[in-house]
Every structure is written in C-alpha cells, then in structure tokens.
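Start at 1 and go down the list; that is how both ligands and their atoms are numbered. Numbering starts at 1 and runs along the sequence shown.
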Amino acid sequence: MKKPIFVIQKHDATTLHYDFRIEVDGVLKSWAVPKGPSLNPKDKRLAIMTTDHKMSYAKFEGVIPKGEYGAGTVMIWDKGTYKNIKEKDGKIVPIKKCLKDGSIEFFLDGKKLKGGFALVKMKNSDKNWLLIKMKDEFADARRNLVSSEPKSAVTNRTLKEIEKAAK
Ligand code: MN
C-alpha cells in the first residue's frame with residue numbers, strides 16, 4: 001500500500017501560519033498551526049482544525065488572489081509521508097478512529113521534519129488541538145526549524161520570491 005502523505009504549507013495570509021495537512025481517506029485533514037511545528041517535546045503548539053482540502057492542494061505553491069478564501073502567499077514548507085503509530089493493546093488504531101477520539105500519533109518522514117509527533121484534541125473545544133513532538137532521537141530542544149529552515153522544501157524559494165513570481 002502507498003504511504004499516506006503529509007504537507008505543511010507556510011501561509012502568509014491575514015497572519016502568518018503553517019497549515020499542517022495529512023492524507024486520510026483521499027482528503028487532506030488540515031490544522032492551522034500559528035507558530036509552526038517544534039522539535040522540542042516540551043512545546044505544545046496550538047493547531048486549529050480547519051476545512052478538509054483536496055489531495056491536489058498538497059502540490060500548491062503560489063499566491064491565492066485577494067478576495068478568495070485564504071488569500072495570500074502559500075509555500076510548501078515541508079512534505080513527505082507519514083505512518084500512523086497510535087497503538088492500543090498492541091494494535092494500531094485506525095487513523096479515522098484516532099481523528100474521532102482526538103488523539104493521533106504519527107511518524108513523519110519529511111524533508112525537514114522527521115520522527116514521532118502527536119496531535120491531541122483539547123478538552124472542551126471542538127477545533128483546538130495541540131501539536132507535540134514525541135520524545136525520540138529526532139527530538140531537539142535547541143533547533144528551531146521554523147527560523148533556520150524558512151524556505152520552500154520543493155523550490156527553495158522564500159515567501160517573497162514566490163509572491164514576486166506570481167506577479
Ligand atoms: Mn492557511
């Protein structure tokens with residue numbers, strides 16, 4: 001079976017954020033992460049669930065025109081595949097059940113991000129989740145990838161360069 005994909009799109013809209021998307025049953029389940037992912041297991045990054053996107057959107061890098069939903073510049077900040085690693089009683093919990101239960105664990109194999117991450121739904125909230133790096137060999141409290149790796153994982157462009165090219 002083909003591995004499901006993930007993509008993180010850096011999105012310079014009303015406010016800069018990182019759209020974290022994972023493939024589930026032919027659509028991209030999506031969360032907006034204002035601060036972006038962290039490699040430090042002590043960080044809990046707010047991840048606000050947003051609308052599902054079409055699979056084809058994972059390949060989009062460019063500018064969404066003014067007046068349209070999500071207007072602003074979009075960069076493919078990271079991309080790759082993921083593996084569902086959420087277990088219960090020694091068995092992998094199907095990803096759809098993880099989504100419903102509000103507790104997802106996956107291993108990312110991206111260009112920038114590697115290793116285990118958890119997405120955990122906050123209690124008493126319908127769309128606020130937390131994105132947390134799991135403790136493993138890829139965890140790193142000192143490296144801040146969001147600032148040290150600001151460019152596109154596909155074209156190596158900055159947001160400004162993507163914006164210019166669309167004009
Ligand atoms: Mn967005």
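- Judged by the 6.0 Å and 45° rule, Lys133 forms a cation-pi pair with Phe117.
- Val27 forms part of no hydrophobic cluster, judged by ILVMFWY side-chain heavy-atom separations under 4.5 Å.
- Looking at Asp12 and Lys10, no side-chain N of the basic residue comes within less than 4.0 Å of a carboxylate O on the acidic one, giving no salt bridge.
- Ring planes of His53 and Tyr57: tilted class, angle from 30 to 60°.
- Contact check on Arg157 versus Glu61 returns a salt bridge, with a Lys/Arg side-chain nitrogen under 4.0 Å from an Asp/Glu carboxylate oxygen.
- The number of protein N, O or S atoms lying under 2.8 Å from the Mn ion (ligand 1) is 3.
- Under the 4.0 Å criterion applied to side-chain N and carboxylate O atoms, Lys91 and Asp89 are not assigned as salt-bridge partners.
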